[in-house]
Structure formats: C-alpha cells, structure tokens
Amino acid sequence: MTPDPKYPELLRRRRFRPIPVRMLVPNVITLLAICAGLTAIRLSIEGRMELAVAAIVFAAVLDGVDGRVARMIKGQSKFGAELDSLADFVNFGVAPGLMLYFWQLQELNNGGWIAAMVFAIAGGLRLARFNASIDDPNKPAFAANYFTGVPAPAGAILAMLPFYLSFLGVPKPPAMLTAGYILLIAFLMVSRLPVFSGKTVRMRVPPEMVLPVFVSVVFFVALLIGYPWHILSIGSVLYLLSLPMGWKSYRDHERNAAAAAQPAATTVETAAPSSPAATFSPAPDDTEDDRPARLN
C-alpha cells in the first residue's frame, strides 16, 4: 500500500531519537531490584528464608541508589518514575507478604492469607498516595522533609523483624502475633503519620572529618555483613521508637508556622482603614470633571 501523495507527512519515515545511556542506567538498577524481589519469592517457596530476606534487603539498597544515581547523572524520566513505583510494589509489598505467609502465616489458613494480602495492598496504596501528592500545591514548605506514613521500603524492612529474630535463635512467635504485627506495619504505611525523611537535609563534611567518615562507613558495612540480623533487628526497633519523634517534630513545625502567620494577619488588619470617613473619598466637583482625562 503506497501512501497518498496528497499527505507528504506520510511519506516521511517516523524516526525515534536515540536514548542517552544516562537515561538507561537508573532503569537498569530498578530492573535489578525487581529481579531481587522476584528471586526472594522463589527462595521463600523453597524454604531458603535467609537468602530471601537478604534479597529484599539488597532490593532496598538498590531502591535507595537508583533515584540518587538518576539525579546525579540527570537521568530522570517519567518512565523511570513509573517503573520505580512498580518495583517498590513488587519488592516491598508483594514479596514480604508472600514470604511471611510461606514462613508462618499459612498456619492460620485464610486468616494468614488475608494478613499477607492486606500488607501487600497497603504497600500499593502507600505508593499510589505518594505519587499523587508529589505536586500538591497546598503542602507547606517544611512538609518536604517528612513522609506521610511509613515508606514502602522501610515498611518491608520492619515487617521482616520476625525473620531477623528467628535467625538470632529467638523462638518463633505465635502466628496470630506475627499476623497482628504485619497488620500494624500495614496500618503505619497507609496512615497520615508524619515520618522524618531527611531528603532535604544538606550535610557537609569538614575536610578534617572526611577520613573518619570513610572509616565509619566501612565499619558499618562490615558490621552489616558480619552481623546482618543483629544490625537489622536493632535498626528496626530504633526506627519504630523514632516514629513518635517524627510526629512531634512535625507538630512543632506546624505550631511555628501558625505562630508566624498570626502576626502577619494582625499587621494586615491594622493597616486596613478603621473609619468610614477614611474609606470614602469626597466626590469630585463638576469643575474637576470638565478637565481633560490626562490631568485627572
């Protein structure tokens, strides 16, 4: 079928612009995170829970890296943002819920499945709300430093606390207690609780502290590799204990913003005219109306 010569635009071949490599790198990292999450599901079905938990932790590390890499090399894209949301739902909603179900919640039959399903759905709702509120024009400036609800990666790490404790030799808790715990984490994810994010914090390291910082980071990574379940257990408990502090900090910012707005409103009311005489100006007489407009 030959194109109609009346429409010359049909004669041109459609050409796609080449995609820069910097746009592909963050998406490749996100795809690796999805592979880690799917592998964790398979490992949990096979009963290799330690490797499955390690795969989810690795996916969480990749999730923290891909966005920063995209901003660093200016590789942000709409496609990458949507892919990242899909990866978070699979890695931090579906995978932990299925892992907990195969590990213990299946003892509760339908009740355990409902708990795992509620956790996965809560992760999806949390991500949907985050995407919908990114461009909220009514959000105060200080709110940029807070999440609304526990973020999905943190929720997945917290939900796997029973795994960490069992790997340390702690007896497995009752299935009902595990189900109640993950339902609590699901509630924290979809709640309106302000959670400190730290994204807007700008930290600069003095030159004399560069080497100590490097040593500290290497020491922490070595601890995480050598004692992963101890570090993850302590970190999860400390994170849960820090949630009230984030709520208190947000309320303090709200009170300060309200106190700063009140004097401004008082100043506006004081500057407004208080008497009717000052509000109305005398009507011009007929002689002024006869003047040319450029002189009025």
Side-chain angles (χ1 to χ4, degrees), residues 37 40-41 44 49-50 52-57 59-60 63-64 85 88-133 146-198 228-251:
I41 296 175
S44 65
M49 289 300 176
E50 291 193 10
V53 173
I56 295 298
V57 175
D63 179 73
S85 295
D88 288 352
F89 176 62
V90 172
N91 298 337
F92 311 126
V94 176
L98 290 177
M99 290 166 57
L100 287 164
Y101 178 78
F102 293 135
W103 180 62
Q104 187 184 32
L105 295 181
Q106 59 183 348
E107 299 174 7
L108 301 176
N109 298 323
N110 292 336
W113 176 247
I114 290 173
M117 188 167 52
V118 167
F119 178 82
I121 292 175
L125 294 175
R126 169 66 179 79
L127 292 166
R129 183 179 63 188
F130 174 78
N131 293 337
S133 62
Y146 296 87
F147 291 121
T148 302
V150 173
I157 298 298
L158 293 175
M160 294 189 299
L161 179 60
F163 283 121
Y164 315 147
L165 297 178
S166 68
F167 297 155
L168 293 174
V170 178
K172 185 183 293 188
M176 286 295 296
L177 182 60
T178 303
Y181 174 73
I182 69 167
L183 289 176
L184 172 63
I185 301 301
F187 171 76
L188 292 176
M189 291 169 65
V190 299
S191 68
R192 305 291 299 179
L193 179 69
V195 179
F196 184 73
S197 67
W229 315 129
H230 296 80
I231 299 300
L232 290 172
S233 299
I234 295 173
S236 299
V237 173
L238 292 178
Y239 190 91
L240 288 172
L241 295 177
S242 69
L243 294 179
M245 298 175 58
W247 176 84
K248 182 179 182 302
S249 175
Y250 187 89
R251 296 307 177 195

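Note that the structure is a prediction, hence the values are computed from the model and not measured. Hydrogens, waters and symmetry mates are skipped; everything else that's a heavy atom, side chains included, is used.
Contact between A152 and L127 at its shortest, heavy atoms only, is CB-CD2, 4.1 Å. The minimum heavy-atom distance linking A159 with L100 is given by the pair O-CD1, 3.8 Å. Looking at every heavy atom in both residues, G97 comes nearest to A116 through O-CB, 3.3 Å. Residue A115 comes nearest to L105 through the heavy atom pair CB-CD1, 4.4 Å, listed as atom of the first residue, atom of the second, then distance. Nearest heavy atoms, R126 versus V150: NE-O, 3.2 Å. For the pair G155 and I185, the tightest heavy-atom approach, listed with the atom from each and the gap, is O-CG2, 3.5 Å.
Atom CZ of F187 has 12 or fewer heavy atoms from other residues, nucleotides or ligands within 6.0 Å.
Qualifying side-chain hydrogen bond (donor to acceptor under 3.5 Å, both in side chains) partners for T148, counting only residues two or more places apart in sequence or in other chains: none. Residues forming a side chain to side chain contact (heavy atoms under 4.5 Å, CB included) with S85 (at least two apart in sequence, or on another chain): N131. For the side chain to side chain contact (heavy atoms under 4.5 Å, CB included) test, residues two or more places apart in sequence or in another chain that qualify with F102 are S44, I45, M49, L98. Partners of M117 by side chain to side chain contact (heavy atoms under 4.5 Å, CB included), not counting sequence neighbours, listed by chain and number: W113, I121. Under the rule for a side chain to side chain contact (heavy atoms under 4.5 Å, CB included), the partners of L193 that lie at least two apart in sequence or sit in another chain are L188, S191, V195, L243, W247. Checked against salt bridge (charged side-chain N to carboxylate O under 4.0 Å, His left out), R251 has the following partners two or more places apart in sequence or in another chain: E254. Remark: K248 pairs with D252 by the salt bridge (charged side-chain N to carboxylate O under 4.0 Å, His left out) rule, at least two apart or across chains.
Taking CG from L184 and CG from L158, the interatomic distance works out to 9.5 Å, rounded to the nearest 0.5 Å. The CG atom of L125 sits 15.0 Å away from atom CZ of F130, with the distance rounded to the nearest 0.5 Å. For the atom pair CE (M160) and OG (S166), the distance works out to 11.5 Å, reported to the nearest 0.5 Å. Between atom CG of residue L232 and atom CZ of residue F167 there is a gap of 10.0 Å, rounded to the nearest 0.5 Å. To the nearest 0.5 Å, atoms CZ (F119) and CD1 (I182) are separated by 7.0 Å.
Residue pairs that meet the side chain to side chain donor-acceptor pair (under 3.5 Å) test with at least one member in residues 228-245, sequence neighbours left out, do not exist here. Sorted by first then second residue, the side chain to side chain donor-acceptor pair (under 3.5 Å) pairs that include residues 93-106, not counting sequence neighbours, are Q104-T178.
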#### Entry: Criterion side chain to side chain contact (heavy atoms under 4.5 Å, CB included) on V170 and Y164, from CA distance to verdict
CA-CA 9 Å; V170 178; Y164 315 147; over 6 Å; no
### Message
As a quick check of understanding, evaluate side chain to side chain contact (heavy atoms under 4.5 Å, CB included) for M99 and V53, giving each step before the final call.
### Response
CA-CA 9 Å; M99 290 166 57; V53 173; 3.8 Å; yes
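When atom types are taken as modelled, the side chain of R129 and the backbone of V190 share a donor-acceptor pair closer than 3.5 angstrom.
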